[in-house]
Protein chains: 2
Amino acid sequence: MDNQLLSFTEENYLKIIYLLTERHNGNEVSTNQLAEHTQTKAASVSDMLRKLAEKNYINYRKYQGVTLTEAGEQIALGVIRKHRLWEVFLVEKLGFGWDEIHDIAEQLEHIDSKELTKRLDDFLENPKFDPHGDPIPDAKGKMPSVSYQKLSEIALNQSVVMMGVSVHSPAFLQHLDKQQINLGCGLKVLEISDFDKSYSILLDGKTTIFVSNEVAKNLLVSIDE
Amino acid sequence: MDNQLLSFTEENYLKIIYLLTERHNGNEVSTNQLAEHTQTKAASVSDMLRKLAEKNYINYRKYQGVTLTEAGEQIALGVIRKHRLWEVFLVEKLGFGWDEIHDIAEQLEHIDSKELTKRLDDFLENPKFDPHGDPIPDAKGKMPSVSYQKLSEIALNQSVVMMGVSVHSPAFLQHLDKQQINLGCGLKVLEISDFDKSYSILLDGKTTIFVSNEVAKNLLVSIDE
DNA sequence: ACAAAATTTTAGACTAATCTAAAAATATAT
DNA sequence: ATATATTTTTAGATTAGTCTAAAATTTTGT
């Protein structure tokens with residue numbers, strides 16, 4: 001208990017606002033989007049937004065949407081940092097699969113102790129990315145900028161490295177496991193089917209696999225050089 | 001999230017009832033005692049007891065006190081198991097001192113995931129005691145029985161081993177650290193002062209230290225054989 | 001451009017957990 | 001043994017977070 005300024009619930013709203021804003025390239029987040037992601041109703045979201053705006057954690061324009069203030073962003077990044085560090089712990093130390101860790105990390109991210117976070121970070125050897133390839137904000141509250149591309153936007157025969165996923169559902173992650181698509185593996189798009197836009201991909205320069213367009217859109221890669 | 005049957009608060013009440021009942025050798029716990037340990041008022045405790053009794057987690061006799069039902073005890077032991085496992089993690093893996101871990105474990109004990117607890121237990125190599133010497137209930141919800149004695153009840157010149165503490169305050173634990181009194185060390189009472197009941201103790205068969213009666217009453221030991 | 005649809009906010013209510021003040025029950029002390 | 005003190009419970013309020021239904025605002029489609 002270092003400084004429980006905000007409730008579990010308030011922290012969650014700020015985290016979700018951060019992640020949705022990021023996904024929308026900095027554009028305002030709507031009430032309905034928040035309702036969907038917080039598993040509540042729009043009316044409840046409106047109430048909470050009024051409260052968070054009063055406390056100066058968000059910029060709230062009625063009917064228009066919200067963005068985080070600097071104070072709100074710092075809270076959000078702190079929560080996201082803890083979430084991602086704990087995910088590394090669960091996979092690297094406890095041997096969980098990357099598809100099993102989200103719900104547990106959703107709980108652990110609210111544990112309040114600066115010292116714990118610091119020691120956990122050191123124990124994990126200061127990881128820069130979580131098991132899904134997402135960057136881990138640093139202790140100062142700065143999110144590293146990463147620029148990955150969707151596999152679906154890469155030119156044919158361009159060698160790339162698998163760096164992350166833009167969907168974290170267990171079903172999607174298990175699907176990747178079955179196809180042996182892991183972080184760090186080499187990928188090269190050989191062909192895109194005219195029929196269903198599915199992809200033929202050379203995996204690690206060895207085997208050819210086939211993935212749907214839906215999968216290709218959610219694989220984040222960087223050019224291999 | 002395996003089965004969040006109870007709220008954070010309800011879990012806490014059951015845990016505290018367990019620990020106080022244990023401390024009173026199975027006797028009923030009073031409303032005022034609970035108010036003190038939950039940092040609330042007696043009126044709030046009464047409300048919660050009515051609720052817990054309705055759900056059959058406690059045996060509640062108005063004005064008399066409470067004990068746990070079998071169901072309540074299972075919940076309490078699950079929370080205590082998690083608390084003590086996390087304490088082992090904090091000390092053994094993250095290098096915290098035994099005086100720094102209580103508040104953090106108070107939060108971690110409510111993380112709800114059977115699989116996490118199981119993997120944490122294995123990761124820690126199935127410890128049987130926490131860093132204060134308290135026994136860790138097993139996965140089946142059974143508390144190992146241990147029988148330690150207070151150092152203040154041990155005969156002069158009897159060699160004993162330091163096994164635990166009956167007070168967990170940071171101040172007390174830090175005091176022991178300064179005197180180099182740790183779990184597992186050997187102790188032998190050489191003399192008790194007539195003047196202030198303070199103890200001369202031979203530590204690990206090497207150095208003589210002096211501790212107050214108050215300290216001697218809160219050191220748990222077992223006969224060295 | 002404006003009617004219909006969709007979204008968002010407000011109003012009023014509910015639950016969990018807490019509080020203070022007052023009433024009821026139990027314990028204590030001469 | 002009974003008056004006094006202590007403890008516990010009840011009654012009535014409060015706060016955080018949620019809900020449904022209705023009102024207000026914005027967006028969309030022709």
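In what follows, chains carry the letters A, B, and so on, assigned in the order in which the sequence lines appear, proteins first and then strands, with residues in each chain numbered from 1. Note that the structure is predicted; figures quoted are calculated from it, not measured.
Within residues 60-68 of chain B, the residues that place at least one heavy atom under 4.0 Å from DNA chain D are, in residue-number order, B:Y60, B:K62, B:Y63. For the contact set between residues 7-25 of chain B and DNA chain C, defined by any heavy atom under 4.0 Å, the members are B:S7, B:T9, B:Y13.
Taking atom CD of residue B:E54 and atom P of nucleotide D:dT9, one finds them 14 Å apart after rounding to whole Å. Atom CG of A:L52 and atom C1' of D:dT18 are 15 Å apart (whole Å). In this entry the distance linking CD of A:E28 with P of D:dT26 reads 13 Å, nearest Å. Look at CE on A:M48: it is 15 Å from P on C:dT10, rounded to the nearest Å. As rounded to whole Å, 15 Å separates atom C1' of C:dA16 from atom CG of B:L49. In this structure, CZ of A:R50 is placed 14 Å from C1' of C:dT8, rounded to the nearest angstrom. Atom CG in B:N32 sits about 6 Å away from atom P in D:dT7, given to the nearest Å. Rounded to whole Å, atom P of C:dT18 lies 12 Å from atom CG of B:L34.
Contact record, A:K15 with A:N12: NZ-OD1, 3.0 Å, taken as the closest heavy-atom pair.
Of the side-chain N and O atoms in A:S30, none sit less than 4.0 angstrom from OP1 or OP2 of C:dT7.
Judged purely by atom type and a 3.5 angstrom limit, A:H132 uses its side chain to pair as donor or acceptor with the backbone of A:W98. Using a distance-only test at 3.5 Å, with no hydrogens or angles considered, no donor-acceptor pair links the side chain of B:Q174 to the main chain of B:D99. No donor-acceptor pair under 3.5 Å is formed between the side chain of B:R84 and the backbone N or O of B:P137.
B:T40 comes within 4.0 angstrom of sugar-phosphate atoms only, judged by non-hydrogen atoms across all strands, and of no base. Residue B:S44 is classed as a base contact, given a heavy-atom separation below 4.0 Å to a base.
Distance from the side chain of A:D47 is smallest for D:dT18 among the nucleotides C:dC19, D:dT18, D:dT8. Nearest nucleotide to the B:A43 side chain, out of D:dT7, C:dT20, C:dT18: C:dT20.
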Acceptor/donor pairs from residues 65-80 of chain B side chains to any protein atom, 3.5 angstrom cut, sequence neighbours excluded:
unit_1: B:T67; atom_1: OG1; unit_2: B:N59; atom_2: OD1; d: 3.2
unit_1: B:T69; atom_1: OG1; unit_2: B:N56; atom_2: O; d: 2.8
unit_1: B:T69; atom_1: OG1; unit_2: B:Y57; atom_2: O; d: 3.1
unit_1: B:T69; atom_1: OG1; unit_2: B:A71; atom_2: N; d: 3.4
unit_1: B:T69; atom_1: OG1; unit_2: B:G72; atom_2: N; d: 3.1
unit_1: B:E70; atom_1: OE2; unit_2: B:Q74; atom_2: NE2; d: 3.2
unit_1: B:Q74; atom_1: NE2; unit_2: B:G141; atom_2: O; d: 3.3

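Taking the six-membered ring where tryptophan is involved, the planes of B:W86 and A:W86 are perpendicular, since the angle between them exceeds 60° and thus also 30°.
Between the side chains of B:S198 and B:D196, at least one donor N or O lies within less than 3.5 Å of an accepting N or O.
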